[in-house]
Amino acid sequence: MTQYWVMKTEPDEFGIDDLRRVEVESWDGVRNYQARNMMRDEMHKGDLAFLYHSACREIGIAGIMTIAREAYADPTALDPASDHFDPKSDPDNPRWLMVDVRYKRRLKRVIGLAELKRHPQLKDMPLLRKGNRLSVSPVTREQWDFILSLE
DNA sequence: GCCAACGTTGGC
DNA sequence: GCCAACGTTGGC
């Protein structure tokens with residue numbers, strides 16, 4: 001059964017247009033245990049995910065991608081030259097994981113955060129909770145379909 | 001740039 | 001195991 005997700009990214013670093021160009025990208029740099037556990041335990045190949053642009057001019061859901069590979073060790077955690085280096089990660093027992101995502105399509109327009117917040121149908125989305133910091137969070141089938149209906 | 005909200009760390 | 005201090009995220 002397909003599951004649905006939303007994954008945050010800062011488009012100044014890597015956004016929907018970058019993903020379109022490379023087609024497949026490893027989603028490295030997740031350094032939050034809750035997000036890691038969801039990727040490790042619940043995310044499966046073939047799942048669908050919204051790509052959400054944060055910390056930018058046009059905040060909101062910008063596109064759709066598919067999970068192309070299930071969770072595996074994130075090498076940037078072991079690379080001292082990486083911004084995401086974690087000195088406490090053990091090469092023999094990697095603490096941080098990543099998945100691969102594949103570009104599916106851009107939305108016809110970016111569905112903005114303010115607009116998403118206006119709809120009571122979406123009020124339970126973890127993404128929209130005040131102070132939410134999860135870079136990966138689940139979306140229900142109903143929420144997924146509703147958001148697409150706004151497009 | 002500000003600041004609220006949250007996760008993590010570490011002393012006890 | 002508690003909790004204060006700190007660092008980070010992310011909207012505004």
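- Note on A:Arg21 versus A:Asp17: no salt bridge recorded, every NZ/NE/NH1/NH2 to OD/OE distance being 4.0 Å or above.
- In this structure, A:Trp144 and A:Tyr4 have tilted ring planes: the angle between them lies in the 30° to 60° band.
- At the heavy-atom level, A:Gln34 lies under 4.0 Å from the strands shown only through sugar-phosphate atoms.
- For residues 62-104 of chain A, the ring pair (Phe, Tyr, Trp, His ring centres under 6.0 Å) pairs, not counting sequence neighbours, are A:Tyr33-A:Trp96.
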Exercise for review: In sequence, state the C-alpha distance, the side-chain angles, and the governing distance for A:Val139 and A:Met125, and then conclude on side chain to side chain contact (heavy atoms under 4.5 Å, CB included).
Suggested key: CA-CA 7 Å; A:Val139 176; A:Met125 276 182 73; 4.1 Å; yes

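- Between chain A and DNA chain C, the heavy-atom contact criterion of under 4.0 Å yields a 5' to 3' nucleotide range of C:dG7 to C:dC12.
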Under the criterion side chain to side chain donor-acceptor pair (under 3.5 Å), I'd like the reasoning laid out for A:Ser26 against A:Asp28: C-alpha separation, chi angles, the key distance, then a yes or no. CA-CA 6 Å; A:Ser26 48; A:Asp28 61 21; 4.7 Å; no

